[in-house]
Amino acid sequence: MKLLLIHADGFEYRVTGRAVDMAEPLTDDMREGVFEEVLVVFTTVEKGDVEAKEAVVGNAVASVKEVASKLSVGRVLVYPYAHLSSDLANPGDALRVLQMFEDALRREGFETHRSPFGWYKSFKLSCKGHPLAELSRSITAETVEVEEAEKPTPKTREFHRFLVIDIDGKVYELDPSDWRSCPVFGKKDPVYRLLAIFVRNEVEGNPPKKTPKHIEYMRRLELVDYCPESDVGNMKFYPNGVLIADLVKDYAMFKVALPWGAMKVQNPLIYRESVKEIRELMGEFHERDYRMSYGGENFVLRFASDPGAFPFMQKTLFSYRHLPVKIYEEVQCFRREKSGEVVGLRRLRSFTMTDQHCFCRDEEQAKEEFERLCLLFRDLMNMIAPGSWVLGWEGVEWFYEENKDWLRNLTVKMGVPAFFKLSREMSHYFAIKNEYQVIGADEANVQISTVQYDIKNGERFKIMYVGEDGKKHPCIILHASSFGSIERTLYALLEVAARMEEEGRPPMLPVWLSPEQVRLIPVAERHVAKCMEIADFLEKSRVRVGVDDRELSVARKVRDAKTRWVPFIVVVGDREVETNRLPVVIRDKSTLKEDYMKEMTVEELAEEVRSRCRGMPFRPLYVPRELSRRVTFVAWGR
RNA sequence: GCCCCCGUAGCCUAGCCCGGUAGGGCGUCAGCCUUGUAAGCUGAAGACCGCGGGUUCGAAUCCCGCCGGGGGCUCCA
């Protein structure tokens, strides 16, 4: 017996004519039917079913029960359907089996209907379209073969070859069905555990996710919050969140893009759909765009960097003498991701990417720039998620084979093991790309940076340089996102912090990104002036410092500073005023159980902070220095 | 988009099964206390029980729809 089960919002049928001589007699109420919220069971009775019909029907009922309970439907329609098999039982037997099936379902407590056997019927079906909405089953007397119509497509489907390049340049080919046996995962360094998690996610799919910690953190630290007034996935940022986002953008601009030689540009947010390039770039992802129309014209909000950058470069005049030409842009992107997928900061409908494009003359130039970008992004990753990231690559096999030694050397230079997925054909515009993946407490991998080697779009979008021959030639384009999404970077920072907590260390952000780096806690009101004096000095040394001048107990103020992850906490009382020596609790040297405290002078404290932020962008506090003047953005009950 | 769960003062929550319009804690504000490394004491204010509809003499409680949030599936230029 074959079953095709469809979970339908609605199903209607009407008898249109007799199909076989053995058609069952029609009663009036069988001529047509209208059902809502129903499991439609298209059923084909096969020859072999007849001699063991009790067992077959029993198994079929069990199968329907299992599906119906998953979907919580109580209404079932048995619809005789000859087209699922070429080995049909004869009509008389089939009808008897169908009636048995119907009765058995009714006895199981289902509201059971059956459409007439042997008649042509027109029908209208509205399938729900979720993963379990369409299932097929083969039923025999002994077994139930499970076969999901919409099989989960393995993440490996477009790739045929998988390998790991280790930091010593050694190449390990992986068998995706037995990847764990690869000796590289036996190595001791913790990075190989991260690599194994990443490879598992890529090959087997993500494990069931835990409740993500970053949602609590992003609110408790007053960084980012949901904004129900806006669309789903559009977040609001509190001052401390804006500060971190600005520092991250400062890094992207001053530590990556400008030193690398890019020109900063800015393109609009709104694009005309009537422009061919825009339509081409929108491609098949049409339904995810934020669209609007005005005065008979359709517009779309920027969904990626390219709709701005490609037309921009198309109209820029340059010759081989200028190459490589590099541009940088902070891009706010809008994608109407499906509502169920938008969770915390993991995936948003609006996000900001710091994006770089490099237009190159030839392969040699492109590879040189590609490598420079890879190394810049390695440094970047070590600044935001030290020891918490690995590298993934995707590409076409021929490119890998032609450039194997280059890629091996590059991996050695990067100092982080890399997982490669290779395909036979190029299915995208890039020949190869890498993705810098952070692994957080939730064991999900989060892509931060990416560098892509694009050999198609120069030609396709006519981004050309004038060569020595005076003719136009297409560029090789490198796409490089230093931060694929600022918001996701925040997500990664918070999930990495969550992993610290799991390991018994106090969770924290890197000191250069901590909104408040030092918290001064006066013991009594008379010590506030001294704190303000110390704060003045620290501010001059480019340290973000807060003074908790509220009339609360010291214990309480220390607690507040710790729950806000302040990296350096100093209590200032009579003793400190007298000796000028400060007892500093240093968070990154403490454990959850025990504080690490060190006595130092103000100058030493300033140096201690600076030593952790060397070379990093700095911005002052975005909120008042005095805690008494700070408002509450997120009330966090105990 | 689909499936499951959730929605009570700024925050955390009791009450919901079994209908009779809300009780606690934190925070806030006022007063006391002048404080030494993770929560000092007292008092006051604060709730269209997510929104809309239905059932009922009566709905936070039961039913339907919507919105928002979480988890899962799927997807991710």
Side-chain angles (χ1 to χ4, degrees), chain A residues 7 9 67 69-73 127-134 148 150-153 155 205-212 215-216 219-220 225-233 280-289 303-307 333 335-344 346-349 427-430 433 435 442 447 450 452 454 457 479 484-485 488 506 519 521-528 548 550-564 569-576 583-585 590 592-595 597 631-638:
Chain A
H7 188 200
D9 287 316
V67 172
S69 76
K70 270 192 207 160
L71 302 168
S72 332
V73 273
C127 174
K128 287 194 178 274
H130 58 80
L132 294 175
E134 303 170 64
E148 310 226 329
E150 205 169 302
K151 284 192 198 88
T153 40
K155 292 182 87 176
N206 290 301
K209 293 175 195 109
K210 309 169 193 168
T211 307
I215 295 174
E216 178 194 331
R219 309 215 324 114
R220 209 181 66 200
D225 211 339
Y226 294 110
C227 186
E229 301 77 30
S230 178
D231 189 17
V232 172
E280 274 189 39
L281 284 164
M282 286 169 75
E284 66 205 89
F285 293 91
H286 219 61
E287 80 281 2
R288 294 225 187 120
D289 298 324
F303 46 89
S305 176
D306 295 352
C333 295
R335 298 179 188 175
R336 280 191 49 91
E337 301 290 358
K338 295 173 187 171
S339 59
E341 292 161 11
V342 178
V343 175
R346 195 184 276 152
R347 173 126 19 127
L348 295 175
R349 286 186 172 178
S427 53
H428 300 278
Y429 53 82
F430 53 82
K433 70 165 178 182
E435 296 180 341
D442 56 2
Q447 179 193 329
T450 178
Q452 308 181 351
D454 173 357
N457 284 327
H479 303 249
S485 150
R488 201 191 290 152
R519 171 80 53 94
I521 297 176
V523 172
E525 212 178 317
R526 64 177 182 280
H527 307 116
V528 172
D548 196 344
R550 296 173 301 170
E551 295 191 25
L552 297 169
S553 67
V554 169
R556 171 58 196 280
K557 291 194 274 195
V558 167
R559 178 182 192 276
D560 283 358
K562 287 186 174 173
T563 54
R564 293 302 181 105
I569 299 171
V570 188
V571 174
V572 179
D574 291 336
R575 224 164 32 228
E576 288 71 33
V584 181
V585 173
S590 301
L592 283 176
K593 293 202 175 102
E594 204 175 351
D595 286 349
M597 190 188 292
V631 297
T632 305
F633 294 110
V634 181
W636 194 265
R638 288 177 188 178

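Keep in mind that the numbers below use all heavy atoms, side chains included, and drop hydrogens, waters and symmetry copies. Per chain, numbering begins at 1; letters A, B, ... match sequence-line order. Please read these numbers as outputs of a predicted model, since none were measured by experiment.
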Same-atom distance ([atom1]) from [N] to [M], integer angstrom:
N      : M      : atom1 : value
C12(B) : C49(B) : C1'   : 15 Å
U37(B) : C73(B) : C1'   : 48 Å
U28(B) : A47(B) : C1'   : 15 Å
G40(B) : G58(B) : C1'   : 46 Å
G46(B) : A30(B) : C1'   : 14 Å
G31(B) : G20(B) : P     : 41 Å
G53(B) : A14(B) : C1'   : 28 Å
A77(B) : C3(B)  : C1'   : 28 Å

ask   = Could Asp454(A) and Lys433(A) be called an ion pair, given the rule that one side-chain N must be under 4.0 Å from one carboxylate O?
value = no

Note: Lys562(A)-Asp595(A) ion pair, threshold 4.0 Å (strictly below): yes

Which part of the nucleic acid does [X] contact within heavy-atom distance under 4.0 Å: base, sugar-phosphate only, or nothing?
X         : answer
Val232(A) : sugar-phosphate
Ile215(A) : sugar-phosphate
Tyr429(A) : sugar-phosphate
Asp574(A) : base
Glu576(A) : base

Quick one: [X] [atom1] to [N] [atom2], roughly how many Å, whole number?
X         : N      : atom1 : atom2 : value
Asp289(A) : A77(B) : CG    : P     : 14 Å
Leu348(A) : C76(B) : CG    : P     : 18 Å
His7(A)   : G1(B)  : NE2   : P     : 17 Å
Asp595(A) : G36(B) : CG    : P     : 17 Å
Arg349(A) : C76(B) : CZ    : P     : 17 Å
Glu594(A) : A38(B) : CD    : C1'   : 15 Å
Glu337(A) : C76(B) : CD    : P     : 10 Å
Glu216(A) : G69(B) : CD    : P     : 18 Å

Please list each protein N or O that sits under 3.5 Å from an N or O in nucleotides 41-46 of chain B, with the distance.
none

Watson-Crick or G-U wobble partner of [N], both distances under 3.5 Å:
N      : value
A22(B) : none
G1(B)  : C73(B)
G40(B) : C32(B)
A45(B) : none

With side chain to side chain contact (heavy atoms under 4.5 Å, CB included) as the test, would you mind laying out the steps for Arg550(A) and Asp560(A) before giving the verdict? CA-CA 11 Å; Arg550(A) 296 173 301 170; Asp560(A) 283 358; 2.7 Å; yes

Assert: residue with more 5' nearest nucleotide on RNA chain B, out of Val558(A) and Phe430(A), is Val558(A)

Whether each nucleotide of nucleotides 28-35 of chain B has a protein heavy atom under 4.0 Å at its base (B), only at its sugar-phosphate (S) or at neither (-) is summarised, 5' to 3', as -----BBB

Q. Quick one: does Arg347(A) reach the base of C75(B) with a side-chain donor-acceptor pair under 3.5 Å?
A. yes

Per atom distances to the Phe303(A) side chain, the nearest of A38(B), A77(B), G36(B) is A77(B)

* To do: Please lay out, stage by stage, how His479(A) and Phe430(A) fare under the test ring-ring contact (aromatic ring centres under 6.0 Å, His included).
  => CA-CA 9 Å; His479(A) 303 249; Phe430(A) 53 82; 8.7 Å; no

So, Arg335(A) side chain and Phe303(A) main chain: donor-acceptor pair closer than 3.5 Å or not?
yes

Ile521(A) vs Ile569(A) side-chain heavy atoms within contact, under 4.5 Å = yes

Those residues at least two apart in sequence (or on a different chain) that pass side-chain contact (heavy atoms from CB on, under 4.5 Å) with Val528(A) are Pro522(A), Met532(A), Asp549(A)

Checking Asp231(A), Val232(A), Asp289(A) against Arg336(A) for side chain to side chain contact (heavy atoms under 4.5 Å, CB included), the one that qualifies is Asp231(A)

